[in-house]
Amino acid sequence: MSDSERPDIAAFGELEQLIHALGEEMAAWRRRAHEAESRLGKVEARLKELDGRAAGAESPASADGGAASPRVAELERENRELRQRLEAARERTKQLLERLRFLRQQHELEAER
């Protein structure tokens with residue numbers, strides 16, 4: 001029986017290919033997670049900036065007799081929606097990181113075998 005005919009060697013080669021593919025997939029997930037965290041940081045910074053501006057501004061209702069009140073309400077609604085989207089993005093990022101950790105653990109377990 002030659003080495004090329006041994007089923008364990010063929011299985012080892014297949015396992016090696018699968019582990020390589022898994023490593024590439026993990027790298028892609030890691031890149032996506034880092035990109036999502038970067039975007040999340042930018043959104044959080046923008047929200048802080050807008051909150052700071054809103055806190056430092058004088059009351060629009062007193063400045064123009066109440067004409068800006070609908071605009072303020074619209075901005076507050078938009079701010080709430082952005083915060084909800086931010087929280088949803090944060091949750092999805094956490095899920096991606098958990099999946100990545102799981103895949104990494106599986107990869108490490110396979111490598112130990």
Side-chain angles (χ1 to χ4, degrees):
M1 182 180 251
S2 70
D3 283 341
S4 63
E5 295 175 12
R6 290 179 51 188
D8 58 336
I9 292 179
F12 180 74
E14 185 178 338
L15 179 61
E16 193 172 33
Q17 289 175 346
L18 289 172
I19 289 174
H20 179 72
L22 178 62
E24 289 177 355
E25 189 171 335
M26 285 175 53
W29 280 101
R30 188 177 298 118
R31 273 192 307 277
R32 289 179 65 189
H34 286 296
E35 289 170 4
E37 286 176 338
S38 174
R39 285 192 307 263
L40 185 63
K42 290 176 184 177
V43 169
E44 286 176 334
R46 180 70 174 141
L47 283 174
K48 285 181 184 178
E49 177 187 331
L50 291 174
D51 283 346
R53 285 184 187 175
E58 67 177 275
S59 172
S62 65
D64 63 5
S69 213
R71 178 68 178 140
V72 170
E74 173 66 20
L75 289 172
E76 288 174 348
R77 182 196 59 75
E78 184 179 336
N79 197 16
R80 280 192 304 275
E81 287 177 6
L82 287 172
R83 288 185 188 280
Q84 290 171 348
R85 289 175 57 192
L86 180 63
E87 186 58 36
R90 184 179 288 123
E91 198 57 38
R92 285 192 305 269
T93 301
K94 285 180 185 177
Q95 290 172 353
L96 282 172
L97 288 173
E98 288 173 11
R99 286 182 190 170
L100 181 60
R101 284 186 192 107
F102 173 77
L103 289 172
R104 185 179 295 150
Q105 288 172 349
Q106 294 301 311
H107 177 72
E108 289 170 357
L109 287 174
E110 287 297 323
E112 290 175 4
R113 291 184 185 177

Donor-acceptor pair, T93 side chain versus A89 backbone, under 3.5 Å?
-> yes
Report the distance from atom CG of L82 to atom CZ of R77, rounding to the nearest 0.5 Å.
-> 9.0 Å
Pairing of R90 and E87 as salt bridge, 4.0 angstrom limit = yes
Whether over 12 other heavy atoms sit under 6.0 Å from E14 CD = no
Side chain to side chain, L86 and L47, heavy atoms closer than 4.5 Å = yes
Would you check if there is a donor-acceptor pair between the side chains of H20 and E24 at a distance under 3.5 Å?
-> yes
Could you tell me the separation between the CD atom of E37 and the CD atom of E35, rounded to the nearest 0.5 Å?
-> 11.0 Å
Kindly determine whether R46 and E49 satisfy salt bridge (charged side-chain N to carboxylate O under 4.0 Å, His left out), including the steps that lead there.
-> CA-CA 5 Å; R46 180 70 174 141; E49 177 187 331; 2.9 Å; yes
Find the distance between CD (E44) and CZ (R83) and round it off to the nearest 0.5 Å.
-> 9.5 Å
Any chain of hydrophobic side-chain contacts (each under 4.5 Å) joining W29 to L22?
-> yes
Can you measure from CZ (R30) to CG (L97) and round to the nearest 0.5 angstrom?
-> 10.5 Å
Can you tell if the side chain of R99 reaches within under 4.5 Å of the side chain of F102, non-hydrogen atoms only?
-> no
May I ask you to say whether R101 pairs ionically with E98, meaning some side-chain N is under 4.0 Å from a carboxylate O?
-> no
Give, for atom NE2 of H107 and atom CG of L100, the distance between the pair rounded to the nearest 0.5 Å.
-> 11.5 Å
With the threshold set at 4.0 Å, does a side-chain nitrogen-carboxylate oxygen contact exist between E74 and R71?
-> no
Identify, with sequence neighbours excluded, every residue that meets salt bridge (charged side-chain N to carboxylate O under 4.0 Å, His left out) alongside R31.
-> none
